[in-house]
Structure formats: C-alpha cells, structure tokens
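Working notes for the structure below.
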Amino acid sequence: MTADRPSVREVSTPDEAAWPPLRQAYVAAWILAAVQMCAMLNNGVMMLLVEPVKRDLQLTDMQMSYLLGFSVVLFYAFIGIPAARLVDRYNRKWLMTWSIALWSLATGACGFAQSFWQFFAARFWIGTGESINGPLSYSLLADYFPPEKLPRGIAIYNVGMQAGVALSLLFGAFVLHILSGTPDLDVPFLGRAADWQVLFILTGVLGVPVAFLMVSVAEPRRRNSGAVSPIDDKRRGAGLRQVLAYLWRDRRLYGPMFLGLCFTSIHMMGLGVWSAAFYSRTYGWNPAQIGFYQGVLSLALAGPGLFGAIWLNDWFRKRGHADTNMRVMAIGLTAAVPFMIAAPLMPSPWMALLMFAVGPTIMLMAAPSLNTALQIITPNEMRGQMTAIYLFIVLAASQAIGPTWFAFLTQYVLGNEALLRFSIAISAAILFPATAIAYWLGLRPYRERILTMRTQGASV
C-alpha cells in the first residue's frame with residue numbers, strides 16, 4: 001500500500017495543476033457508484049428478510065432492531081472516526097478495496113448465523129468494513145472533479161445508493177422466488193440452509209468482482225478546496241482533536257447540515273428496514289412481491305433523480321446563487337414532506353408504493369448538493385475525518401436509533417404490531433419538517449462562507 005501512497009506534499013490549490021480529464025473522473029464516479037451499490041446490496045437484502053430471520057431465530061421486534069441498526073453502527077463508536085484519518089494520509093484505492101472484501105465476507109457470514117449473537121457479530125463486521133466507505137468515496141470525488149462539476153460526480157455516486165437498494169430488492173426477490181419452490185439446500189459447514197441464509201451467502205460473493213473493479217481506479221492528486229486550513233504543517237495532516245475544534249468553531253456552518261441529515265436518516269433507515277414488514281402487515285404482501293415492485297420502481301426513478309439533481313443544481317448556479325447547495329437541499333426536503341407523511345396511510349399498496357417512490361426521488365435530487373457543500377467548505381487534510389464524523393453522527397442516529405425508533409412507536413406507544421403504518425406516519429410528521437427547518441436556517445452561514453472563499457480566490 002505504501003508504494004503508491006500519495007505524499008501529503010502533493011496537496012495543491014485548484015489552480016496549481018490540471019484536474020484529471022473529465023472522462024477519467026466520470027469513470028471513477030461510476031466505479032464508486034458500483035461500490036456503493038454493493039454496500040447497499042449487502043444491507044438492502046436485510047429489508048426483505050426481517051420476518052424470516054425473526055421467525056427462524058425466534059427474535060422480538062426490539063432484538064431485530066438491534067441487528068438492523070446498533071450492531072452495524074457500533075464499530076463507528078470505537079474505531080470508525082479515528083480510522084478515517086487513514087483516508088487523509090494513505091492510498092484511498094487500496095483502502096477501499098480491502099474494505100469491500102471485509103464487508104462482503106461479513107455479509108456471507110450472516111448466512112451462517114444460528115443465534116442472535118452470531119448474527120450480531122457478523123453485522124458488526126459489516127459495519128467495520130463499511131466504516132470508511134463514505135469518507136473514501138467523497139474524498140476521491142472531491143479530488144477528481146473541480147468544484148463546479150462536483151455535484152455531477154456526487155449525483156452519480158448517489159445513484160449507486162438508489163440503484164443498490166433497488167437491485168437488492170430485485171435480486172432478493174428473484175432468489176427468494178427461485179428458492180420458494182425448492183427444499184432447503186445443503187451448504188458446506190452449515191448443513192440444511194433456509195432461503196434467507198442462501199441469499200446472504202450469495203450477496204457476500206457478489207462483492208468479489210466489485211473489489212477487483214476498484215483496483216482499476218487511479219489515485220488522484222490531493223487538492224485544497226479553497227477553504228482556509230488552521231493546520232500549519234499539512235504534511236502531517238490534521239489530528240482528530242484539531243478537526244473537532246474546527247467543527248466546533250464553525251458550528252453555525254456545519255450544524256444545520258449535520259442536524260438536518262440526522263433527522264432525515266433516522267426516518268429513512270427505520271423505513272428501509274421495516275418497509276417489508278409494513279407491506280406484509282398492512283397489505284398482506286409476501287417478501288418476493290415487495291422486493292420486485294419496490295425494486296423496479298426504485299430503479300426506474302434512479303435516472304430521473306440523477307438528471308434532476310444535475311439540472312436543479314446547474315439551474316441555481318447559473319443564476320448566481322452563492323448558496324446553491326444549501327438552497328437545493330432546503331427546497332428538496334421541503335417538497336418531500338407531504339409525500340413521506342401520506343405514503344403509509346394510503347388505502348392500497350400501489351398508492352403507497354407510488355408515494356414512497358416520489359418522496360425519496362425528490363430527496364435524491366437534493367442529496368448531491370449536501371455532500372458537495374461539505375467537501376467544498378472543508379480543507380483537504382480534514383475531509384476524511386470530517387466526513388467520518390458527519391457519517392458517524394448520521395449513522396449513529398439512523399442505524400442505532402431509526403429501526404428501534406419505529407419498533408418503540410409500534411410496540412410501546414401504539415401497542416400493536418399491526419399499527420406499524422401509523423408509526424411510520426408519526427415519525428415522518430415529526431422528523432421531516434424538522435429537517436427542512438434546519439436546512440433553511442443553514443442557508444445564510446453557508447452563503448457567507450462561500451462568498452468569503454471567493455474573495456480569497458477560491459473557484460467555488
């Protein structure tokens with residue numbers, strides 16, 4: 001890994017060296033999208049398997065919520081953020097390759113689990129492998145694309161998330177449909193395996209070609225974003241304490257971004273892991289039906305989400321808005337509110353599917369702007385750790401709280417598992433308006449920072 005490690009001395013301002021050719025940048029963005037798709041595939045099949053895993057391992061809703069969320073995010077609490085310093089110092093291509101291999105192996109191990117704690121341990125190692133995936137990807141994209149093109153690269157990457165969820169549903173539905181008419185298979189070291197166990201094993205195997213694909217990505221030259229860094233010796237990079245001090249100093253700038261996505265992520269993660277149970281309990285659909293219809297719809301809307309994100313960001317940028325990124329986020333989340341509240345209350349599964357498709361697609365159009373904003377305002381030698389802190393806060397909230405939040409509303413507030421749909425509606429009515437408010441409050445400090453950076457010569 002150290003042979004082609006980029007020296008921190010290579011950090012430069014945007015004007016000191018030519019950016020990589022756009023063709024190379026777009027290829028890298030699509031490969032990173034494939035990596036993200038693989039990560040979402042590994043986690044997405046869990047959406048379809050809540051009920052069979054719960055049944056076969058004899059678990060409660062609360063125990064399932066720990067497997068769905070807390071087990072994966074636990075690694076972030078101990079190692080994820082410190083490990084992100086590797087992103088700011090070492091070769092990112094090889095770091096990503098090894099992380100793909102680790103989370104894919106852990107996904108396959110889920111298929112061998114025979115108890116709650118075995119499943120918990122496998123999910124923990126999935127979190128270990130995925131802990132620096134986001135910081136790695138955004139750091140690479142920020143060094144491949146100039147600031148005015150960065151939303152396009154991140155939009156492509158975000159489509160990997162959308163497509164990953166869609167393909168996980170389609171792939172899961174297909175495998176479950178094939179296995180439904182066959183007896184349990186004999187798997188080496190496991191014996192008779194249920195359909196959900198076979199699905200986890202196959203999903204883990206799919207990570208192998210993606211890891212080889214990542215090896216073809218070139219490591220780009222590290223560049224400053226134009227943000228003024230408080231670090232004197234950039235060759236050593238920034239320590240975690242320095243990053244936290246920088247974050248606290250600019251809390252009016254970073255706070256709305258962190259808080260807004262934190263609220264949204266709690267709901268979306270809870271919705272993601274309980275969606276199959278929602279359709280099953282409310283409308284009587286089976287996992288194969290749910291996976292097929294949700295997958296087709298999500299895949300069909302990934303393209304409009306991608307091009308909508310590019311068009312919307314370009315439209316505001318051409319009209320001279322310095323706060324384009326925050327403005328697009330605020331508008332997108334505000335527009336999604338009514339769809340997310342109404343979706344679980346629909347009288348038919350088809351109307352619920354439509355509403356659940358439209359709301360996230362609007363959010364997908366705003367998502368690239370959020371991540372673009374974070375990369376632009378953060379000095380290069382802090383990007384990995386800053387993104388890791390950001391993702392830790394978001395994932396700690398979404399994966400540790402989201403699944404349990406829905407289970408709490410259903411089991412303890414409403415007192416009936418059949419009322420899951422009302423838990424989803426209550427959550428949306430609380431968290432989505434809070435998200436929109438946070439983003440609108442962040443508009444002014446973000447605009448002021450961009451204008452300051454422009455006066456200092458940054459091309460943002």
Side-chain angles (χ1 to χ4, degrees), residues 29 33 36 134 137-138 141-142 145-162 225-227 250 252-265 267-268 301-340 357-378 386-387 390-391 394 431-454 458-460:
Q36 182 63 19
S137 298
Y138 291 122
L141 289 170
F145 290 89
E148 69 276 8
K149 299 290 185 182
L150 183 57
R152 299 188 175 207
I154 293 181
I156 293 171
Y157 175 71
N158 284 344
V159 166
M161 300 184 190
Q162 182 83 354
S225 63
D250 285 338
R252 287 184 61 249
L253 177 63
Y254 287 97
M257 298 183 197
F258 283 44
L259 191 62
L261 190 58
C262 180
F263 289 147
T264 308
S265 298
H267 182 85
M268 295 307 295
L301 292 174
L306 165 63
F307 292 110
I310 294 172
W311 174 83
L312 194 59
N313 194 281
D314 286 348
W315 192 86
F316 279 106
R317 179 180 290 274
K318 289 176 181 177
R319 279 155 181 76
H321 291 282
D323 55 12
T324 288
N325 292 309
M326 284 297 294
R327 185 177 294 269
V328 170
M329 289 155 48
I331 293 173
L333 265 295
T334 302
V337 169
F339 296 98
M340 301 308 297
V358 173
T361 299
I362 296 174
M363 294 166 59
L364 181 63
M365 293 172 61
S369 295
L370 175 59
N371 294 301
T372 299
L374 183 64
Q375 301 305 311
I376 287 177
I377 63 175
T378 303
M386 186 68 76
T387 305
Y390 165 70
L391 292 177
V394 170
L431 297 177
F432 271 85
T435 300
I437 291 171
Y439 287 160
W440 285 112
L441 290 176
L443 210 62
R444 181 176 178 180
Y446 180 77
R447 179 171 59 248
E448 292 173 349
R449 174 55 57 88
I450 293 298
L451 291 175
T452 299
M453 291 170 64
R454 287 178 178 174
S459 56
V460 293

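Only heavy atoms go into these numbers, but all of them, side chains included; no hydrogens, no water, no symmetry mates. All residue numbers refer to positions in the sequence shown, counting from 1.
Shortest non-hydrogen contact noted between N325 and A373 is CB-CB, 3.8 Å. Summarising the geometry of A336 relative to G359, their closest heavy-atom pair is CB-O, 3.8 Å, with the distance given to 0.1 Å. Considering all non-hydrogen atoms of both residues, P151 and T372 come closest at CA-OG1, 3.4 Å. The two residues T334 and A330 have their closest heavy-atom pair at OG1-O, 2.7 Å. Looking at every heavy atom in both residues, A322 comes nearest to L451 through CB-CD2, 3.8 Å. G153 and L141 get closest at one heavy-atom pair: O-CD1, 4.1 Å.
Looking only at distances, no side-chain donor or acceptor of S369 sits under 3.5 Å from a matching main-chain atom of M326.
Within the 4.5 Å cutoff, side-chain heavy atoms of W440 are placed close to those of I331. Annotation: side chain of D250 is in contact with side chain of R449 (closest heavy-atom distance under 4.5 Å). When side chains are defined from C-beta on, M386 does not count as touching Y138, because their heavy atoms never get closer than 4.5 Å. In this structure, F432 and M268 have side chains that are in contact, with non-hydrogen atoms separated by less than 4.5 Å. Residues T435 and M363 have side chains not in contact (no heavy-atom distance under 4.5 Å, counting atoms from C-beta outward). Annotation: side chain of I450 is in contact with side chain of I376 (closest heavy-atom distance under 4.5 Å).
Partners of R252 under the salt bridge (Lys or Arg N to Asp or Glu O under 4.0 Å) rule, at least two apart in sequence or in another chain, do not exist in this structure.
Screening residues 320-333 for salt bridge (charged side-chain N to carboxylate O under 4.0 Å, His left out), with sequence neighbours left out, gives D323-R327, D323-R447.
Side chains of T378 and Y254: a donor-acceptor N/O pair is present below 3.5 angstrom, by distance only.
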